[in-house]
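Computed from a predicted structure; not experimentally measured. All residue numbers in this chain count up from 1 along the given sequence.
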Amino acid sequence: MAPAGLSLGASVLCLLAWARLATADRVYIHPFHLLVYSKSSCDQLEKPRAESPPDPTFTPVPIQAKSSAVDEQALREQLVRATQQLEAEERLRAVKVGVLLNFMGFHMYKMLSETRSAASGAVLSPVALFGTLTSFYLGALDPTASRLQAFLGVPGEDRGCTSRLDGHKVLSALQTIQGLLVAQGGAGSRARLLLSTVVGLFTAPGLRLKQPFVQGLSSISPVTLSRSLDLSTDPDLAAEKINRFMQAVTGWEMGRPLTGVNPDSTLLFNTYVHFQGKMKGFSLLPGLQEFWVDNTTSVSVPMLLGIGTFHYWSDTQNNLSVTRVPLSANACLLLIQPHRAPDLRQVEALTFQHNFLTRMKNLSPRAIRLTMPQLTLKGSYDLQDLLAQTKLPALLGAEANLGKISDANLRVGKVLNSVLFELKADEGEQPTESAPQPAGPEVLEVTLNSPFLLAVLERDSAALHFLGRVSNPLSAA
């Protein structure tokens with residue numbers, strides 16, 4: 001199997017080659033034209049600097065300043081409104097970004113998985129990851145901006161401004177992707193899916209941030225909290241203060257809290273994501289059930305039961321099976337189970353690749369009695385560590401030119417992505433894909449009582465919102 005990074009690069013080259021052939025006898029159209037600057041935007045950007053006033057700046061308030069609690073229902077309604085009356089170009093842009101973030105997600109999930117043992121879980125949000133990198137692109141100047149653009153999967157091709165990635169378009173597309181996931185039923189409906197993203201910008205005292213940069217983050221994160229604190233005197237205390245602050249503002253219990261702040265850091269960029277899904281037609285089984293962490297160890301966990309017609313595929317050649325469970329009309333949960341528990345790593349490497357969605361077309365309807373754990377997955381990872389694994393440790397290092405974030409010489413410390421992923425029963429309704437409850441010997445028993453993989457897919461954009469490995473439902477990833 002080719003490395004994930006090679007797959008990403010090869011796919012981009014194939015797209016570019018196809019685009020060149022298709023446009024050989026026509027005016028050149030950039031293969032990512034929906035994501036780059038328009039000619040009119042470039043004319044505005046290329047005005048002499050003397051005509052443009054300097055960006056306004058501000059100093060973040062101290063971390064002890066009072067902050068309002070995050071209203072998750074209001075955030076959901078804001079996402080839903082953003083998807084109402086979408087134009088065709090906006091939907092197509094979301095699909096283009098979905099392709100890029102899926103490739104990036106598989107690549108970085110592989111890096112994350114390699115740092116964790118098979119006995120530990122993993123959960124990653126490709127949308128949050130891509131949003132974090134795009135946010136840094138928004139704040140970068142060359143050569144850092146060009147390097148970030150290439151890493152995001154959009155080659156600049158040395159064609160000038162109209163080949164440069166427009167970070168605002170990408171962040172807007174990510175907002176569309178988020179909204180499409182939760183939009184079922186409209187803004188005022190009872191929410192079965194919640195998705196909340198909060199960004200924390202933590203700076204050294206006195207450091208000034210540029211307002212256009214922070215305001216530009218509102219698409220991917222309507223709640224962006226800029227706070228200052230002493231990061232150098234006692235790094236452990238600084239990490240503790242940040243963790244307490246985010247806990248107080250969000251109410252979320254995140255796994256693997258921030259630790260070990262680098263005392264030389266002047267900026268920490270942390271993204272926090274909370275997903276909650278209620279599974280239609282599933283019920284909570286009475287008591288606790290066994291989940292086998294390995295051949296000799298089990299833990300007692302709450303289990304959910306759903307009986308209905310779900311899409312299913314058993315891949316006997318690769319010793320895995322996939323069950324698709326609807327979360328809404330346009331979102332689904334994909335559950336990937338190895339036929340033998342020790343094969344989980346092999347199945348993970350085979351499944352989470354660029355052809356994942358193509359392989360999922362093999363699923364077909366099947367009457368199933370599905371038993372699975374009620375899930376509360378908590379995971380955190382430092383993007384700086386993942387970049388180091390991809391041989392790009394300096395991308396956001398001391399030499400990075402982030403002049404659109406601040407005029408100061410920024411030293412970026414940890415870039416944390418933290419995920420709280422919850423799945424529970426919604427006992428009031430029948431599953432979207434269910435007929436009357438099937439019974440009899442033709443009903444397939446699918447029981448997820450040993451380690452398995454999962455993915456959350458939004459179908460309109462074909463974007464994967466979460467990738468995960470459940471090794472123990474009771475432990476943080």
Side-chain angles (χ1 to χ4, degrees), residues 30 32-63 65 67 78 82 90 93 131-149 152 154 156 158-175 197-229 231 265-271 395-413 415:
H30 195 283
F32 297 100
H33 68 279
L34 291 174
L35 305 180
V36 296
Y37 282 109
S38 65
K39 181 65 168 64
S40 59
S41 296
C42 285
D43 290 342
Q44 187 67 26
L45 288 170
E46 291 171 352
K47 281 185 177 180
R49 290 296 295 175
E51 299 180 25
S52 304
D55 291 332
T57 63
F58 71 99
T59 303
V61 299
I63 196 168
S67 299
Q78 187 171 342
E90 293 172 306
R93 185 177 291 123
T132 299
L133 286 166
T134 304
S135 298
F136 274 103
Y137 171 80
L138 199 67
L141 296 169
D142 280 332
T144 303
S146 295
R147 291 168 183 163
L148 278 165
Q149 174 169 334
L152 289 166
V154 184
D158 298 322
R159 290 183 178 267
C161 176
T162 53
S163 285
R164 286 173 53 194
L165 190 66
D166 186 335
H168 293 287
K169 287 181 179 178
V170 177
L171 291 181
S172 178
L174 289 171
Q175 182 187 50
T197 303
V198 175
V199 167
L201 300 176
F202 300 102
T203 69
L207 187 140
R208 300 187 68 83
L209 298 177
K210 294 190 174 182
Q211 287 184 10
F213 168 75
V214 177
Q215 291 167 355
L217 304 182
S218 61
S219 295
I220 187 67
S221 175
V223 179
T224 299
L225 303 170
S226 303
R227 296 293 184 270
S228 65
L229 72 161
L231 298 171
S265 305
T266 58
L267 173 68
L268 307 182
F269 190 116
N270 296 348
T271 302
L395 190 60
L396 299 177
E399 301 303 316
N401 188 343
L402 300 172
K404 291 184 180 179
I405 298 179
S406 175
D407 288 326
N409 184 21
L410 287 177
R411 295 187 299 277
V412 180
V415 181

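By the 4.5 Å heavy-atom criterion applied to side chains, Leu174 and Ser219 are not counted as neighbours. Proximity of Leu410 to Leu207: side-chain heavy atoms (C-beta onward) are separated by under 4.5 Å at one or more points. At a threshold of 4.5 Å between non-hydrogen side-chain atoms, the residues Val36 and Thr162 do not count as touching.
Side chain of Thr266 to main chain of Ala204: no donor-acceptor pair is present (N/O by atom type, distance under 3.5 Å, no hydrogens or angles). Lys210 contributes a side-chain N or O that, together with a main-chain N or O of Gly403, makes up a donor-acceptor pair within less than 3.5 Å. Thr57 places no side-chain N or O within donor-acceptor distance of the main-chain N or O of Arg208, the cut-off being under 3.5 Å. A donor-acceptor pair under 3.5 Å links the side-chain atoms of Thr144 to the main chain of Asn401, judged by distance alone. Under the 3.5 Å distance criterion, the side-chain polar atoms of Gln175 are left unmatched by any main-chain donor or acceptor of Pro222. Side-chain atoms of Ser221 come within 3.5 Å of backbone atoms of Thr197 as a donor-acceptor pair (strictly under, hydrogens ignored). Gln211 places no side-chain N or O within 3.5 Å of a backbone atom of Pro56 that could act as its donor or acceptor partner.
Taken from CZ in Phe269 to CD1 in Ile405, the straight-line distance is 7.5 Å, to the nearest 0.5 Å. One distance of note links OG of Ser38 with NZ of Lys169; it measures 5.0 Å at 0.5 Å rounding. The distance from atom CG of Leu396 to atom CG of Leu402, rounded to the nearest 0.5 Å, is 7.0 Å. Taken from SG in Cys161 to CG in Leu45, the straight-line distance is 5.5 Å, to the nearest 0.5 Å. Separation of atoms OG (Ser226) and CZ (Phe202) is listed at 9.0 Å; rounding is to 0.5 Å. The structure places NE2 of His168 at 4.5 Å from CG of Leu138, a figure rounded to the nearest 0.5 Å.
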- side chain to side chain contact (heavy atoms under 4.5 Å, CB included) between Phe136 and Leu395, intermediate numbers included: CA-CA 10 Å; Phe136 274 103; Leu395 190 60; over 6 Å; no
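Not a single ring-ring contact (aromatic ring centres under 6.0 Å, His included) links Tyr137 to another residue, sequence neighbours left out. Every residue was checked against the ring-ring contact (aromatic ring centres under 6.0 Å, His included) condition with Phe213, not counting sequence neighbours, and none meets it. A search for salt bridge (charged side-chain N to carboxylate O under 4.0 Å, His left out) contacts involving Arg93 returns Glu89, not counting sequence neighbours.
Listed here is the closest heavy atom pair of Pro60 and Ser228: O-OG, 3.3 Å. When every heavy atom of Ser135 is checked against every heavy atom of Leu171, the shortest pair comes out as OG-CD2, 4.2 Å.
Arg227 pairs with exactly one of Leu268, Val61, Leu201, Thr203 by the side chain to side chain contact (heavy atoms under 4.5 Å, CB included) rule, that one being Val61.
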